[in-house]
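Values below: every heavy atom of this structure, side chains too, minus hydrogens, waters and symmetry copies. Computed from a predicted structure; not experimentally measured.
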Protein chains: 2
Amino acid sequence: MPTIRDVSQLAKVSQATVSRVLTGSAVVSPTKRAAVLAAIEQLGYQPNTFARSLATNRSYAIGAMVSELSSTVYGEIIRGIETVTEECGLQMVVASGHAREDAERGAFEFLSERRTDALIVQADVTPDDDLAAWVRDSDLPVIVIGRHIPAVAERCVYLDNVEGGALATRHLLERGHRRIAHVTGLMHLADGSDRCAGYRYALAEQGLPFEEALVAEGDFVEEGGYRAMQLLLQRDAGFTAVFAANDQSAAGALKALRDAGRRVPEDISLVGFDDLIIAHYLYPALTTVRQPFAEMGQAAARLALAALGVDEQKEVTRRFDPVLVERDSVAAL
Amino acid sequence: MPTIRDVSQLAKVSQATVSRVLTGSAVVSPTKRAAVLAAIEQLGYQPNTFARSLATNRSYAIGAMVSELSSTVYGEIIRGIETVTEECGLQMVVASGHAREDAERGAFEFLSERRTDALIVQADVTPDDDLAAWVRDSDLPVIVIGRHIPAVAERCVYLDNVEGGALATRHLLERGHRRIAHVTGLMHLADGSDRCAGYRYALAEQGLPFEEALVAEGDFVEEGGYRAMQLLLQRDAGFTAVFAANDQSAAGALKALRDAGRRVPEDISLVGFDDLIIAHYLYPALTTVRQPFAEMGQAAARLALAALGVDEQKEVTRRFDPVLVERDSVAAL
DNA sequence: TACAATCTTGAAAGCGCTTTCAGAGAGTCG
DNA sequence: CGACTCTCTGAAAGCGCTTTCAAGATTGTA
């Protein structure tokens, strides 16, 4: 492996000059510059990242922690991040939180210790306060994705979940549904309570009352959706449509509906949330509210770069708007 | 940030000694060792990775290139890799090939240049020969995942696709089906031709003839599966079951069947391949052949570590066996 | 008791970059 | 034409580790 020293000797200049053309940190006369470039070419020289990092105290890598790696959601986030790191010649190192609080913390610490230049964190179970502390107390820029934490809002990239819940509900309302049930997510998480708030908000817009009997708490996974739907069915509150807090709950609800002999969308309309890959494959294909995960990942990465002073990007979108994706699970009343 | 120097002064020993207790590279007397540990604790010292890397010429990171990041398959592979890198205190840096040959090459080069200690490559479109060249010519260990390339077999982690195809077909055979159609994958890829070979093999085992009319070429994605199924239907060759070369093709085939008014599994049985997350969500839930992606990722990582002399693991499984996952898309004849 | 063999230890030399600092030319102006 | 300012360049000092090498301490052996 040739070093900068070899290049400098071949080009008959000092190492400093080679370094300058490499980093563009200062002007170099055209002749020397050309000589350096030629030498680099000839030797097939590639700068040693370790040495560079040691000298500059930058890793030229950004860390991404996602709660769970093998989920399409996080895959898309990672992809979003990767597109921008790649574009900037930065590495992306990823760690998984394995959907457990201790592991999320562990992954965060691991990434911090190894000195990535910035950290993007998508935590499912770590509480807001802890995340806020991570952002505040870490000596590298930390961007939080998928959470809106007021205390550190400028470091958060998130979806407007209230609007999303309202969007789903309004869609049903527009199709003439008046008695709309809601399978919630975990209500102690912002994602859950915000989407529910959106549901109530949309109902209120139409002057419709909020009925306890029409809502059942789910847990963001299929089983919970199934159980919540059973409960709803059993209450027999006469609804014609259901808004499930995410696609997995919707899948569970769909199964419960099917098991109960109700047809979707002929008897009951159903709307999900997230637009996971499965939404497309369910039968009937699920109408749902899309979260632009990849774009959010990109935004987080840009925010991280901006915090590092690398990216010139003026304003990065931090709050994303959900969009309704119509498929086949909703019928007009 | 305290450095090794600070630690050595506080502990009243040399930097070399501190380094020795840190890396365990040599014995240190219990007293000094304790002093060092105490100093480290007191200062909250963390070794600087950059300096360490520069000195040892190791990055303590392994690179993973996957063809497409936002796919559950690759998510699982990545997760598998991560579990072992985490266990060994190594970072995992990931890059995406964006399912294009030039990008796959680009990602590979990017990772090589940045000197990860080893590289795990899952390429969809790069030809076998190029991959073999990467393995052979790279100066760091390269492990190929999801391909069996005889020339560099000891660096490959792969599924026995022939056996997988046979497994799917036998399952149908055991349920009494005799006329079994096959929606292939891309036949110029080993995954496609091997699974087809398995199909033929299982047929032959039962003394059944291979009929051209019963096979239609798909492309591993939904649209191709849909079209292939339409073609099969239109030929009217009287089959009672279909083996689709992957779950996405199966999803397309399922839709075509449904559109043609055929019920699955009552009229036609269907088996997929991969056991993607969608298999569970299709209706009826898809019986399919599972690839143990996470385990394969782990194996690849262990192989990489073994090549680095880090892991003591004696023998790492390189060829994985597919397993049949029974759900609701197959009925006995 | 003397000497060889073995352990432990510290000094110092890298690893390959970046960056500061000062000097050498070149250009400008009165 | 001399004084002064700019621009470009190179020497050298780190960055914070690991590792070699030789010396000192310790133990064992004759």
Checking contacts here: which listed nucleotide ([options]) is nearest the side-chain heavy atoms of [X]?
X	options	result
Asn48(B)	dG16(C), dC17(D), dT18(D)	dC17(D)
Leu54(A)	dG16(D), dT9(C), dC17(C)	dG16(D)
Lys32(B)	dG10(C), dG16(C), dT8(C)	dG10(C)
Arg20(B)	dG10(C), dG10(D), dG16(C)	dG10(C)

Give [X] one of three labels, base, sugar-phosphate or nothing, depending on what nucleic acid heavy atoms sit under 4.0 Å from its own.
X	answer
Thr56(B)	sugar-phosphate
Ser53(B)	nothing
Thr3(A)	sugar-phosphate

- Message: With heavy-atom distances below 4.5 Å as the criterion, would you say the side chains of Val28(B) and Val36(B) are in contact?
- Response: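 No. Closest side-chain heavy atoms not under 4.5 Å.
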
Measure from [atom1] on [X] to [atom2] on [N] and round the result to the nearest Å.
X	N	atom1	atom2	value
Arg33(A)	dT7(D)	CZ	P	17 Å
Asn57(A)	dG16(D)	CG	P	7 Å
Gln15(A)	dA11(D)	CD	P	9 Å
Arg5(A)	dG16(C)	CZ	P	10 Å
Arg115(B)	dC15(C)	CZ	C1'	11 Å
Tyr60(B)	dC15(C)	OH	P	17 Å
Gln46(A)	dC15(C)	CD	P	19 Å
Ile4(A)	dA12(D)	CD1	P	17 Å

- Task: By nearest nucleotide on DNA chain D, pick out whichever of Ala16(B) and Phe50(B) is the more 5' one.
- Result: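 Nearer the 5' end of the strand: Phe50(B).
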
- Item | Phosphate contact (dT18(C) OP1 or OP2) by Ser25(A) side-chain N/O below 4.0 Å |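 No, no such contact exists.
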
- Message: Can you see if the side chain of Ser19(B) gets near the phosphate of dT19(D) - specifically, an N or O under 4.0 Å from OP1 or OP2?
- Response: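 Indeed not, no polar side-chain atom of Ser19(B) lies that close.
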
- Message: When you measure from the centre of the six-membered ring of Tyr60(A), is the NZ or CZ of Arg58(A) closer than 6.0 Å and no more than 45° off the axis?
- Response: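 Relative to the ring axis of Tyr60(A), which defines the angle, Arg58(A) lies inside both limits.
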
So which heavy atom on [X] is nearest to which on [Y], and how close?
X	Y	value
Ala11(B)	Ala39(B)	CB-CB, 3.9 Å
Gly97(B)	Ala103(B)	O-CB, 3.0 Å
Ala61(B)	Val93(B)	CB-CG1, 4.0 Å

- Message: Reading DNA chain C from 5' onward, which residue's closest nucleotide shows up sooner: Ser14(B) or Arg52(A)?
- Response: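 Between the two, 5'-proximity favours Ser14(B).
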
